[in-house]
Amino acid sequence: MNKAKIYIASGAQITAQAPLCDDWMTEPLRVDSDYAAAQDPDYRQFFPPNEARRLGKILKRAIVVSRRAMEQAGIAAPDAIITGTGFGCIENTELFLKALVNDGEEFLKPTHFMQSTHNTISSLIAINCGCHGYNSTYSHRHISFESALADAFIRLRNGLNINALVGGHDELTPDFHIMLQRIDPLCAGRSFRSETAVALMLTAQETPDVMCRLDNVETFYTTNVNELKHSLERFLASAGYGLDDIDAVMTGNNGGEANERLYDYWYSELFAEHKRLHYKHLFGESFTSPASGVYVAATCLKNSLIPANLFMDESAAGQQTGIRRILLYHQTENKNHSLIIVSKCGN
């Protein structure tokens, strides 16, 4: 049985870059600190005041980017809503716990508790758009988004759904940032921690307006270079490609010493002949930052253009046109590897 082809019909982002647009391609916002909050739009355009007061930032962002992705794809309610989030609604969790510590159990606000669970994001999106279909949340730290994307890809390939809304959502409060810095500090100068709200509409129906084709998604836990090479060859072959069919490789370089060393090693062993791209220097690091990477790659393919600000090697940077296929590779200290391949439609 022939498997259906899967397309990324549309996408939207609220990140450290200008929200709900692609200004980052020509006029990216630069971050000089180790922490940057997302650039929020004016939510008065999207919510009445009484609703906006009840919703935490991550929930407002998730609803807005989901609405935008659905509007661009011409879909009122998706068949499935699948979300990846590393830590879910941290802001509401903190508010609930602080009230518990300061006031005991006498003055707790139920809204903070109800909106503190990870699956609140998917559930609220479903309620907002009237979706009664498949609804799932993946909370697997650095591989949360890829797990959600793989779920949607498999469901659509096997005809279980016609379309699916896939999101990557994480927020970063000042207190949570301090905790992460103590646990796992990033090297200065290359990347920063930030927040992610990205929605992608996947569909099994090609239309003239789709952004790109999603050819394959795969995740695995840990590996060495020989195993990775074998996995990469098998991964590409299952999509009908070889390494020569890849125009550029986009990785999740974030400035962390261990990650930089491993990415440089993988590049020298496997991707030495390919254009090297990155995106976290613009969008920041979060547990679901790979969602930004897929959004960036899809936008580049849609516009047939790789802007100079995405190149790892600045001396070789320059706008590249005519690209057909981008391979996205992520790993975190040699754990939670993921491979994603996206292609320009018609190639």
Side-chain angles (χ1 to χ4, degrees), residues 7-31 36 38-39 61 65 68-69 72 84 142 144-146 148-149 166-170 190-192 194-202 210-215 217 246-255 263 271 274-314 317-331 338-345:
Y7 303 91
I8 298 178
S10 59
Q13 60 83 21
I14 295 176
T15 62
Q17 295 298 313
L20 305 175
C21 67
D22 296 329
D23 289 356
W24 56 268
M25 293 192 75
T26 54
E27 300 177 356
L29 301 177
R30 300 292 181 176
V31 177
Q39 299 288 319
R61 292 168 183 164
V65 294
R68 179 61 61 89
Q72 291 175 345
H142 289 283
S144 300
F145 170 75
E146 294 97 315
L149 188 66
V166 182
H169 304 286
D170 271 299
R190 288 290 294 277
S191 188
F192 55 96
S194 191
E195 303 174 301
T196 301
V198 173
L200 302 172
M201 180 58 71
L202 270 58
V210 297
M211 299 180 74
C212 66
R213 187 174 66 245
L214 176 63
D215 289 321
V217 184
I246 304 300
D247 294 317
V249 178
M250 181 176 289
T251 52
N253 296 72
N254 64 4
Y263 276 127
F271 311 123
H274 294 82
K275 297 181 179 70
R276 299 180 58 174
L277 309 177
H278 62 155
Y279 64 93
K280 290 184 180 179
H281 64 302
L282 299 180
F283 291 86
E285 175 68 277
S286 78
F287 289 103
T288 50
S289 53
S292 298
V294 175
Y295 171 81
V296 166
T299 303
C300 290
L301 290 170
K302 179 182 179 180
N303 292 283
S304 299
L305 172 70
I306 302 178
N309 57 47
L310 296 182
F311 282 83
M312 289 284 292
D313 184 359
E314 295 181 0
Q319 289 192 157
Q320 298 289 321
T321 59
I323 60 167
R324 306 163 299 153
R325 200 160 290 116
I326 299 175
L327 174 70
L328 294 99
Y329 169 55
H330 291 92
Q331 55 82 32
S338 68
L339 292 167
I340 301 169
I341 186 167
V342 289
S343 300
K344 188 174 180 63
C345 292

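Only heavy atoms go into these numbers, but all of them, side chains included; no hydrogens, no water, no symmetry mates. These numbers come from a predicted model, not from an experiment.
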Side-chain touch [X]/[Y], heavy atoms, less than 4.5 angstrom:
X: Val294; Y: Tyr279; result: no
X: Asn309; Y: Arg30; result: yes
X: Met211; Y: Met201; result: no
X: Val166; Y: Phe145; result: yes
X: Ile323; Y: Leu301; result: yes
X: Leu29; Y: Asp23; result: no

Can you tell me how far apart [atom1] ([X]) and [atom2] ([Y]) are? Round to the nearest 0.5 Å.
X: Met312; Y: His278; atom1: CE; atom2: NE2; result: 5.5 Å
X: Lys275; Y: Met250; atom1: NZ; atom2: CE; result: 12.5 Å
X: Leu277; Y: Thr251; atom1: CG; atom2: OG1; result: 8.0 Å
X: Leu149; Y: Ile8; atom1: CG; atom2: CD1; result: 7.0 Å
X: Arg325; Y: Ser343; atom1: CZ; atom2: OG; result: 4.0 Å
X: Arg276; Y: Leu310; atom1: CZ; atom2: CG; result: 14.0 Å

Applying side chain to side chain contact (heavy atoms under 4.5 Å, CB included) to Gln13 and Ser292, what does each step give before you reach the verdict? CA-CA 8 Å; Gln13 60 83 21; Ser292 298; 5.9 Å; no
Smallest separation among heavy atoms of [X] and [Y], with atom names:
X: Ile341; Y: Leu327; result: CB-CD1, 4.4 Å
X: Tyr295; Y: Cys21; result: OH-O, 3.8 Å
X: Leu282; Y: Gln17; result: O-NE2, 2.7 Å
X: Ile14; Y: Pro19; result: CG1-CB, 4.1 Å
X: Ala12; Y: Ala69; result: CB-N, 4.2 Å
X: Gly11; Y: Gln72; result: O-OE1, 3.0 Å

For a quick check under 3.5 Å, do Asn254 and Tyr263 share a side-chain donor-acceptor pair by atom type?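 Asn254 vs Tyr263: no donor-acceptor pair found between side chains.
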Parallel, tilted or perpendicular: which fits the ring planes of His274 and Phe271, with parallel below 30° and perpendicular above 60°?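 Perpendicular.
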Given Thr196, Asp170, Thr15, the one that forms side-chain hydrogen bond (donor to acceptor under 3.5 Å, both in side chains) with Ser286: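 Single pass found, and it is Thr196.
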Leu328 and side chain to side chain contact (heavy atoms under 4.5 Å, CB included): which partner among Leu339, Val296, Val342?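 The passing option is Val342.
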Donor-acceptor pair, side chain of Lys280 and main chain of Asn253, under 3.5 angstrom: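 Absent.
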Evaluate the side chain to side chain contact (heavy atoms under 4.5 Å, CB included) criterion for residues Ile326 and Asp247: first the C-alpha distance (whole Å), next the side-chain angles of each, then the deciding distance (0.1 Å), finally the verdict. CA-CA 6 Å; Ile326 299 175; Asp247 294 317; 5.9 Å; no
Using the ring-ring contact (aromatic ring centres under 6.0 Å, His included) criterion, which residues pair with His142? Sequence neighbours excluded.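 His142 satisfies ring-ring contact (aromatic ring centres under 6.0 Å, His included) with Phe287 only.
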Run Val31 and Ser194 through side chain to side chain contact (heavy atoms under 4.5 Å, CB included) and show every step you take. CA-CA 10 Å; Val31 177; Ser194 191; over 6 Å; no
